[in-house]
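Here's the structure we're looking at; comments come further down.
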Amino acid sequence: MLTRIDHVGIACHDLEEKIAFYETTFGLVLASREVNEAQGVKEAMMHVADGPSGSSYIQLLEPLGPDTPVGKFLAKRGEGVHHVGYGVDDVAAALEAIGAKDVRLLDRRPRHGSMGASIAFLHPKDVGGVLTELVQASEGQHEGE
Ligand code: MC0
């Protein structure tokens with residue numbers, strides 16, 4: 001069902017500062033930058049590598065305010081890994097299969113994610129403390145394009 005690690009989401013206070021850090025420290029290249037009002041974030045995708053089932057990224061996340069998922073996370077835990085996003089071929093089918101197990105779905109239907117992807121979150125308390133995201137890349141993002 002899972003095809004790759006699509007991205008690791010990292011919560012931060014200052015997006016510009018962290019983009020510069022990943023560029024200068026690891027030589028990563030900024031692939032996209034978006035504001036996602038529905039998710040309460042400003043985010044940047046830093047390209048890491050391409051594989052047979054698609055690309056992988058570091059996703060840097062700055063909250064749009066304190067009362068957002070990433071704002072609350074920062075207040076409670078500080079900067080660090082916020083979630084893991086796994087690639088799937090069909091996010092709706094994956095949600096149906098996972099929903100049939102004892103895992104709470106935070107999204108019953110896919111939502112809009114970075115770079116045109118369809119995404120859905122699983123509750124961290126049911127995934128060993130890891131906020132988990134399923135990512136179906138947009139057509140143009142498949143096969144390392
Ligand atoms: C909260 N908890 C986490 C966590 N966030 N555990 C692991 N990883 C995280 N990121 C834990 C808290 O420590 C707490 O545990 C419990 O979950 C409840 O947290 P809360 O602070 O009271 O907050 P809630 O319950 O209001 O919300 C937590 C929840 C929420 C995960 C349900 O953040 C959510 O729905 N997240 C999914 C959407 C999201 O994160 N969007 C931002 C990224 P204790 O033990 O203290 O009770 S958007 C994104 O990434 C998009 C743009 C993309 O990829 O394309």
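Note that these values count all heavy atoms, side chains included, but never hydrogens, waters or copies made by symmetry. Order of listing sets the numbers, starting from 1, for every ligand and every atom in it. All residue numbers in this chain count up from 1 along the given sequence.
Assignment of Gly129 to the shell around ligand 1 is supported, since a heavy atom sits closer than 4.0 Å. Taking 4.0 Å as the cut-off, Met115 does not count as a neighbour of ligand 1 on heavy-atom distance. The closest approach between a heavy atom of Lys125 and any atom of ligand 1 is below 4.0 Å.
Leu61 contributes atom CG, which lies 9.0 Å from atom CG of Leu74 (distance to the nearest 0.5 angstrom). Taking NE2 from His82 and SG from Cys12, the interatomic distance works out to 11.5 Å, rounded to the nearest 0.5 Å. Note that the CG atom of Leu60 and the CG atom of Leu28 stand 9.0 Å from one another [nearest 0.5 Å].
Among protein heavy atoms, the minimum distance from atom 49 (C) of ligand 1 is reached at Phe121 CZ, 3.9 Å. Among protein heavy atoms, the minimum distance from atom 4 (C) of ligand 1 is reached at Phe73 CD1, 3.9 Å. Summary of contacts: the protein heavy atom closest to atom 29 (C) of ligand 1 is Leu106 CD1, 4.5 Å. Ranking the protein heavy atoms by distance from atom 22 (O) of ligand 1 puts Lys76 NZ, 3.8 Å first. Counting only heavy atoms of the protein, atom 30 (C) of ligand 1 lies nearest to Pro69 CB, 4.3 Å.
Within ligand 1, counting atoms from 1 as listed, the ones closer than 4.0 Å to a heavy atom of His7 are 54 (O). Close approach of ligand 1 to His82 (heavy-atom distance below 4.0 Å) involves ligand atoms 8 (N), 9 (C), 10 (N), 40 (O). The Gly113 neighbourhood of ligand 1 comprises atoms 55 (O), with distances under 4.0 Å to a heavy atom of that residue.
Of the heavy atoms in Pro124, only side-chain atoms (C-beta onward) come closer than 4.0 Å to ligand 1. If you look at Lys72 next to ligand 1, the close heavy atoms, those under 4.0 Å, all belong to the side chain.
Although no hydrogens or angles enter the test, the distance criterion places a donor-acceptor pair under 3.5 Å between the side chain of Thr3 and the main chain of Gly87. Looking at Thr25, its side chain never comes within 3.5 Å of a backbone N or O of Tyr22 through a donor-acceptor pair. At least one donor-acceptor pair under 3.5 Å links the side chain of Asn36 to the backbone N or O of Ala38.
The residues Arg4 and Asp6 are annotated as salt-bridged, a charged nitrogen and a carboxylate oxygen being separated by less than 4.0 angstrom. No salt bridge links Lys42 with Glu34; every basic N to acidic carboxylate O contact stays at or beyond 4.0 Å. Between Arg33 and Glu16, at least one side-chain N (NZ, or NE/NH1/NH2) sits under 4.0 Å from a carboxylate O, which counts as a salt bridge.
For atom 6 (N) of ligand 1, the nearest protein heavy atom lies under 4.0 Å away. Less than 4.0 angstrom separates atom 39 (C) of ligand 1 from at least one non-hydrogen atom of the protein. At a distance under 4.0 Å, no protein heavy atom can be found next to atom 25 (O) of ligand 1. Distance check for atom 1 (C) of ligand 1: every protein heavy atom is found at 4.0 Å or beyond. In this structure, atom 18 (C) of ligand 1 is not in close contact with the protein, since no protein heavy atom lies within 4.0 Å of it.
The heavy atom nearest to atom 53 (C) of ligand 1, out of those in Arg77, Gln59, Arg111, is found in Gln59. With Leu131, Asp67, Leu61, Val70 as candidates, the residue nearest to atom 36 (N) of ligand 1 on a non-hydrogen basis is Leu131. Distances from atom 50 (O) of ligand 1 to the heavy atoms of Lys42, His83, Gln39 show the closest one on His83. Here the shortest heavy-atom distance to atom 52 (C) of ligand 1, taken over Val81, Leu122, Asn36, belongs to Asn36.
In terms of N/O distances under 3.5 Å, ligand 1 is not approached by His123. Inclusion of Glu43 in the set of residues having an N or O under 3.5 Å from an N or O of ligand 1 is not warranted.
With no hydrogens or angles considered, a side-chain donor-acceptor pair links Gln59 and His83 at under 3.5 Å.
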